[in-house]
Amino acid sequence: GWAMVVVVDDRVKYTKSDTVKNSTSNRMEMTAFLTALQYTDEPVTIVTDSNYVVQGYNNWSHNWKKKNWKKSDGKEILNKDLWEAIDAARRDNVTVRWTKGHSKAGTREARYNELVDSLTRNYI
């Protein structure tokens, strides 16, 4: 499953979660991220525990797009359909940051990451 939470002024404003059968964890992380991107046009910071999503959005996708969504070895990237959708939803007023997943460190980010994880357990 995948999930996202919208937090404004340290309060949960909105949650959304779902599942896709026979999928991968990367596709679920990407789906949650795409849903978050599409939630608002306002400036936003998206925090995820997926390094794949953070690196893909912040770094790799620029070159993939220039190379027609191919890796340096010429092979098509994995999850091309979702990366194209994420690229189409890209905005200048979005900041994407990584947080450690499954951490009970007591930080604000850890608390909301645990909430997201608990929402995905509805689909296990």
Side-chain angles (χ1 to χ4, degrees):
W2 64 267
M4 62 159 264
V5 297
V6 176
V7 179
V8 178
D9 297 328
D10 209 22
R11 291 189 184 146
V12 175
K13 180 178 178 181
Y14 177 77
T15 66
K16 186 167 185 174
S17 60
D18 204 350
T19 190
V20 177
K21 298 291 183 196
N22 301 317
S23 193
T24 66
S25 60
N26 280 343
R27 288 189 67 81
M28 295 296 87
E29 297 278 7
M30 293 172 72
T31 300
F33 181 74
L34 178 59
T35 303
L37 271 177
Q38 296 170 331
Y39 177 78
T40 182
D41 290 331
E42 297 292 318
V44 65
T45 298
I46 299 174
V47 180
T48 176
D49 65 3
S50 171
N51 195 49
Y52 177 65
V53 169
V54 172
Q55 292 296 323
Y57 186 82
N58 289 337
N59 302 312
W60 305 330
S61 61
H62 304 292
N63 286 331
W64 288 338
K65 187 176 179 179
K66 287 179 192 173
K67 295 177 182 182
N68 197 27
W69 301 101
K70 296 198 184 327
K71 298 183 288 184
S72 58
D73 64 5
K75 294 180 182 176
E76 188 171 275
I77 63 165
L78 297 175
N79 306 308
K80 177 183 171 191
D81 59 328
L82 285 172
W83 283 119
E84 287 177 321
I86 287 169
D87 184 68
R90 179 182 293 276
R91 301 191 323 267
D92 290 336
N93 62 352
V94 173
T95 302
V96 180
R97 290 190 303 114
W98 178 84
T99 189
K100 184 176 181 180
H102 313 289
S103 169
K104 302 201 189 267
T107 66
R108 181 175 180 258
E109 287 180 356
R111 184 178 54 203
Y112 293 122
N113 188 261
E114 284 298 311
L115 173 58
V116 167
D117 286 348
S118 73
L119 292 170
T120 65
R121 289 185 200 108
N122 293 331
Y123 302 103
I124 295 176

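- Annotation: side chain to side chain contact (heavy atoms under 4.5 Å, CB included) contacts of N63 (sequence neighbours excluded): K66.
- Considering every non-hydrogen atom in both D49 and W98, the closest pair reads O-NE1, 3.3 Å.
- Taking both residues in full, the closest heavy atoms of A3 and S17 are given as CB-CB, 3.7 Å, listed atom of the first, atom of the second, then distance.
- Atom-to-atom distance recorded for D87:CG and L34:CG is 11.0 Å, nearest 0.5 angstrom.
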Side chain to side chain contact (heavy atoms under 4.5 Å, CB included) between V54 and R97, worked out: CA-CA 6 Å; V54 172; R97 290 190 303 114; over 6 Å; no
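- Under the 4.5 Å side-chain contact rule for hydrophobic residues, M4 and M30 do not share a cluster.
- Taking all atoms of both residues into account, the shortest heavy-atom contact from H62 to N59 is CD2-O, 3.5 Å.
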Check against side chain to side chain contact (heavy atoms under 4.5 Å, CB included), L115 and V12: CA-CA 10 Å; L115 173 58; V12 175; 3.8 Å; yes
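- Separating the NZ atom in K70 from the CH2 atom in W64 is a distance of 13.5 Å, to the nearest 0.5 Å.
- Nearest heavy-atom pair, L37 versus R91, reported as atom, atom and distance to 0.1 Å: O-NH1, 2.7 Å.
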Where do Y112 and T99 land on the side chain to side chain contact (heavy atoms under 4.5 Å, CB included) test, with the steps shown first? CA-CA 10 Å; Y112 293 122; T99 189; over 6 Å; no
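- M28 and G1 make their closest contact through CB-O, 3.5 Å (heavy atoms, listed as atom of the first residue, atom of the second, distance).
- Using a 4.5 Å heavy-atom cutoff, the side chains of V94 and Y57 are in contact.
- The CG atom of N26 lies 6.0 Å from the CG atom of N79; values are rounded to the nearest 0.5 Å.
- For the pair R111/D10, a side-chain contact is recorded, criterion being any heavy-atom separation below 4.5 Å from C-beta on.
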Apply ring pair (Phe, Tyr, Trp, His ring centres under 6.0 Å) to W69 and W83, showing your working. CA-CA 9 Å; W69 301 101; W83 283 119; 7.7 Å; no
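- Clustering ILVMFWY residues whenever any of their side-chain heavy atoms sit less than 4.5 angstrom apart, transitively, puts F33 in the very cluster that holds I77.
- Interatomic distance, NZ of K16 versus CG of L119, reported as 13.0 Å (0.5 Å rounding).
- Proximity of a side-chain donor or acceptor of D73 to a complementary backbone N or O of K75 within less than 3.5 Å is detected.
- To the nearest 0.5 Å, atom OG1 of residue T120 and atom CG of residue D18 are 12.0 Å apart.
- The cluster map of Ile, Leu, Val, Met, Phe, Trp and Tyr, joined by side-chain heavy atoms under 4.5 Å apart, puts W60 and V96 in the same cluster.
- Residues meeting the side-chain hydrogen bond (donor to acceptor under 3.5 Å, both in side chains) test with K67, sequence neighbours left out: none.
- Using a 4.5 Å cut-off on side-chain heavy atoms (C-beta onward), D81 and R27 make contact.
- Under a hydrophobic-cluster definition in which Ile, Leu, Val, Met, Phe, Trp and Tyr are linked whenever side-chain heavy atoms come within less than 4.5 Å, directly or via other members, V47 and W2 are assigned to different clusters.
- Contact record, T48 with E29: OG1-OE1, 3.7 Å, taken as the closest heavy-atom pair.
- Note on I46: it does not cluster hydrophobically with Y14, by side-chain heavy-atom contacts below 4.5 Å among ILVMFWY residues.
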